[in-house]
Amino acid sequence: MTTVTRFAPSPTGLLHVGNIRTALHNWMLAKKAGGRFVLRIDDTDAERSREDYVDAIRADLAWLGMEPDAEERQSARTAIYEDAFERLRQAGRVYRCYETAQELDLKRKVLLGRGLPPIYDRAGLSLTEADHVRFAAEGTAPHWRFALDPAEPIEWNDGIRGPQHFDPAQLSDPVVRRADGSWLYMLPSCIDDIEMSITDVLRGEDHVSNTAAQIQMFTALHAAGFGAARPLPRFAHEALLVGTEGKLSKRLGSLSGAALRESGIESDAVVALLARLGTSLPVEPIADRQTLVDTFDLSTFGRAPARFDEAELDRVNHGIVHQLPFVAVADRLPAGMDEAAWLAIRPNLEKVADAADWWRVVTGPIDLPVFDADTRAFLRQAEADLAWQDDAWAVWTGALKEATGRKGKALFLPLRRALTGQDSGPEMARLLPLLGEDTVRRRLLRAAGA
Ligand code: GLU
């Protein structure tokens with residue numbers, strides 16, 4: 001059976017690093033198995049869902065190189081939900097309730113006050129037809145709950161958490177449909193997972209108790225004849241992402257794909273970090289997707305929260321930038337900057353955008369420090385002794401060393417300062433040909449005060 005995974009964001013906000021990580025793991029799971037990765041837009045909440053967020057989600061996935069094999073939208077699938085719901089209704093697996101939010105809150109408080117778990121009392125199940133008629137006459141529409149079967153123990157072998165066991169009697173029957181007819185996330189998600197032949201549901205551990213209820217929904221839907229008879233998907237729940245201070249901070253929550261992109265972080269760095277964060281595999285600046293995909297394995301995932309550290313992302317980013325080929329960055333470099341320049345400057349960059357600063361050093365004009373008389377004399381001699389040729393730097397500095405007795409810093413630093421205005425930077429041997437003979441001679445003479 002072809003592996004099919006899905007990433008199912010609700011378009012009520014931008015994706016943050018935690019969501020991106022879940023998307024990536026689903027993408028990798030599918031790629032490793034030669035399967036399919038589906039983007040499912042969970043937009044049943046018409047009021048909070050926004051089209052610009054859908055666009056942003058697509059843009060983030062495209063930027064990260066995780067383009068889905070298919071895109072589905074829940075808002076376009078309500079006819080399918082009606083059909084499945086009708087089957088559950090006929091099978092007695094959904095029932096009408098009328099409690100207001102305040103009434104439910106009160107019930108919960110009473111139970112908690114008595115030291116009992118706040119489980120819904122299933123009052124809706126014992127309403128008579130006369131009760132329903134009365135509510136209808138009052139103009140009160142019902143919302144619907146899924147009836148969990150207390151006699152059907154819930155078990156699954158979680159791909160990350162291992163064997164899981166839930167007592168259905170300890171769960172509240174989930175609300176699946178609002179009084180206005182709109183859908184809550186739980187049931188449409190199961191219907192879609194069946195209908196789209198999803199084989200693996202990989203998501204955050206905040207969904208563990210949803211999975212417990214959803215397993216009974218899958219079984220009830222199958223029993224009601226909805227969808228082809230197939231095994232349930234495999235479930236895996238990954239530990240949540242936390243910031244360095246140990247919780248999902250505001251900062252982390254607002255670190256969206258767009259924010260990362262704008263900060264100049266490479267998408268390959270985001271992928272390399274998030275692919276392995278929270279696993280026993282080492283986080284390394286691996287630019288090759290196939291390597292990440294080949295080594296992806298749920299059994300390496302830990303149960304402890306994964307710590308996201310922006311400093312670590314920066315480190316991975318440097319490592320990635322230092323490997324980027326010219327073709328990958330050409331359209332982000334200043335006009336005129338060619339491959340030789342990129343290769344010379346690349347090892348000194350933290351971010352690709354910083355290449356412009358070094359390119360300005362090459363093209364000039366640059367500010368020069370003030371040199372003492374001794375250094376000025378040295379620079380004058382350096383200009384005179386320069387023989388422009390291939391490998392000019394090695395030959396030139398070798399000759400200057402012989403002639404002046406200068407070595408190390410005393411030899412190299414004045415040259416670097418005179419030619420770049422900086423104390424450090426890209427290798428001079430690679431910068432020299434970029435500067436060109438005229439510029440080199442001009443800068444030396446200017447520094448020498450000649
Ligand atoms: N829309 C749900 C969420 O964003 C989907 C969860 C899932 O089933 O993956 O939490």
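Throughout, residue positions are numbered sequentially from 1 according to the sequence presented. Owing to the predicted nature of the structure, the values given are computational and were not obtained by experimental measurement. Values below: all heavy atoms of this structure, side chains included; hydrogens, waters and symmetry mates excluded. Every number for a ligand or one of its atoms is a count from 1 in the order of the listing.
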Do me a favour and list the nearest non-hydrogen protein atom to [atom] with residue, atom name and distance?
atom	answer
atom 9 (O) of ligand 1	Arg6 NH1, 2.7 Å
atom 5 (C) of ligand 1	Ala8 O, 3.1 Å
atom 10 (O) of ligand 1	His207 NE2, 3.0 Å

#### Entry: Qualifying residue for ring-ring contact (aromatic ring centres under 6.0 Å, His included) with Phe85, from Phe146, Phe226, Trp144, Tyr95
Trp144
### Message
Once you measure the plane-to-plane angle for His222 and Phe218, does it fall in the parallel (<30°), tilted (30-60°) or perpendicular (>60°) bin?
### Response
tilted
### Query
Any idea how Trp156 and Phe166 line up, ring-wise: parallel (<30°), tilted (30 to 60°), or perpendicular (>60°)?
parallel
## Note on the structure
Note: Tyr185, heavy atoms under 4.0 Å from ligand 1, region reported as side chain
Which of the atoms in ligand 1, numbered in the order shown and given with their element, are less than 4.0 Å from a heavy-atom of [X]?
X	result
Arg203	7 (C), 8 (O), 9 (O)
Ser189	8 (O)
Asp42	1 (N), 2 (C), 5 (C)

### Query
Between CZ of Arg122 and CZ of Arg145, what distance do you get to the nearest 0.5 Å?
10.0 Å
### Query
Taking both backbone and side-chain atoms of Pro9, is any N or O found less than 3.5 Å from an N or O belonging to ligand 1?
no
### Query
How about Glu51: does its CD atom have over 12 heavy atoms from other parts shown lying under 6.0 Å from it?
yes
### Query
Around Asp367, counting heavy atoms of other residues, nucleotides and ligands shown, do more than 12 lie under 6.0 Å from its CG?
no
